[in-house]
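Comments concern the structure below.
To find a chain, count down the sequence lines: A is the first, B the second, and so on, and within it residues start at 1. Just so it is clear, the values below take in all heavy atoms, side chains as well, and ignore hydrogens, waters and symmetry mates.
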There are 2 protein chains.
Amino acid sequence: MPRRPQPGARDRILDAAGALFYARGVRAVGMSEVVEAAGCGKNLVYSHFPTKVDLVAAYLERFSARRERATERAVAEETRPAAQVVALVAEVARRVSAPGFRGCALRNHLTEFPNADDAASRVARGYLRDSRARLAALVDGLGVADPAGVTERIWLVLDGFYAGATRSADAAVGRTAVRLVEEIIERATPDLPPTGWSGQS
Amino acid sequence: MPRRPQPGARDRILDAAGALFYARGVRAVGMSEVVEAAGCGKNLVYSHFPTKVDLVAAYLERFSARRERATERAVAEETRPAAQVVALVAEVARRVSAPGFRGCALRNHLTEFPNADDAASRVARGYLRDSRARLAALVDGLGVADPAGVTERIWLVLDGFYAGATRSADAAVGRTAVRLVEEIIERATPDLPPTGWSGQS
DNA sequence: GTCTATAATGGGATAGAC
DNA sequence: GTCTATCCCATTATAGAC
């Protein structure tokens, strides 16, 4: 009598593998360890993910999707474009100060495999590309004179803040990043009234 | 008749190993590859560096020392504290836009081995600590009201810029980073005359 | 006594077979 | 699930060359 395939198996494997990969790095975690942590047989893992690269790519894809959902939700809570950009940065700041934070899994992967061109690395590079494109789209809504320049300045702070934060940081650093982006926006839109996001203009 | 010990052996090994480690990551490069690239026998490598960790630590130490020398030289070319801080950022910007740039070896190492506590990781963490301390010392010379806060803002841009730049970037990004730091300094010292570092105030 | 070349050791990796 | 094939890893041991 054959067993019915458990519906949540793929997710449980991905949960276990993702936690290990994120905490210790992809290369440091062997497939045997993933199998053990998933609490299932080896064949099940390999039937869902034929190679380790496939498993890593799925892990990064899920990470990427969750990040996109979280930022989109944060942005959707604001209506004015300037507040949306700030909300985006604030969301990253919250994440960085959360316990268990170990950096951005996608950036970490590109550092761990600088020359790879497999499915996993393509996911990571695609995320960074899309992430910057979404910021550019938000900045376009600001109606500033030089949207490309303002995007580059904000991206420098946001991407740098995210890339430089490799473990859980205290919230003050995040507030500093938010404040820096606020000032970039204020400088680019000097004719706007004071916004009151975080204090005096 | 015994051979004379070759004086430059250690440096040649470190050159070869460093180039490989920097370009492809530490874990991706095996000792056999280091031996082959160094063009010497295996025992010679192990006589100079008893373990791979020792070799990596020496590689990071040399990287760190060179970075410190380069930044100190750049800072020494200026006399006014504000110009010194800007020179520090500009030096990093130059490096990031140089061909063959693959990120900061010390930050890369901490990403590759997030949980390690060996000699190599201590070198990397020590470099980051000292690097920030040197910035703080420079900012102290600015005489601003809140040196700790200004240090944190500049460090966020500088460290983030360096950490986020994982390959050779065009010089425009570096100029943006320099400009951001200039603005941070200008905001913190509003009573100073225009500086003319890179344009109108 | 210093170096090179090569073999051997012991462990752990991915992956496939059954 | 266990067992196995194949490979690569860091490291050590051995034996020969200058």
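Each of A/Val53, A/Asp54, A/Leu60 was compared with A/Val56 under the side-chain contact (heavy atoms from CB on, under 4.5 Å) criterion, and only A/Leu60 meets it.
Remark: DNA chain D takes part in the stems C:2-18 with D:1-17, each of 3 or more antiparallel Watson-Crick or G-U pairs, criterion distances under 3.5 Å.
Other residues, nucleotides and ligands contribute more than 12 heavy atoms inside 6.0 Å of the CD atom of A/Glu33.
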Do nucleotides 12-18 of chain C as a string where each nucleotide becomes B, S or -: B if the base has a protein heavy atom under 4.0 Å, S if just the sugar-phosphate does, - if no protein is that close.
-SSBBBB
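A ring pair (Phe, Tyr, Trp, His ring centres under 6.0 Å) check over residues 65-115 of chain B, counting only residues at least two apart or in different chains, returns the pairs B/His109-B/Phe113.
A donor-acceptor contact closer than 3.5 angstrom links the side chains of B/Ser64 and B/Glu68. Using modelled atom types and a 3.5 Å distance limit, the side chains of B/Thr111 and B/Asn108 yield no donor-acceptor pair. The closest side-chain donor-acceptor pair between A/Thr176 and B/Glu152 falls under 3.5 angstrom.
Contacts between residues 112-124 of chain A and DNA chain D, defined by a heavy-atom separation under 4.0 Å, are absent.
Rounding to the nearest 0.5 Å gives a distance of 10.5 Å between CG of B/Leu106 and OG of B/Ser121.
Summarising the geometry, the separation between CG on B/Leu44 and P on C/dT2 is reported as 11 Å, rounded to the nearest angstrom.
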From CA spacing to verdict: ring-ring contact (aromatic ring centres under 6.0 Å, His included), B/Phe63, B/Tyr22
CA-CA 10 Å; B/Phe63 192 97; B/Tyr22 186 61; 5.8 Å; yes
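Listed by chain and residue number, nothing satisfies the ring-ring contact (aromatic ring centres under 6.0 Å, His included) test with A/Phe49 (two or more places apart in sequence, or in another chain). Under the rule for a ring-ring contact (aromatic ring centres under 6.0 Å, His included), B/Tyr162 has no partner lying at least two apart in sequence or in another chain.
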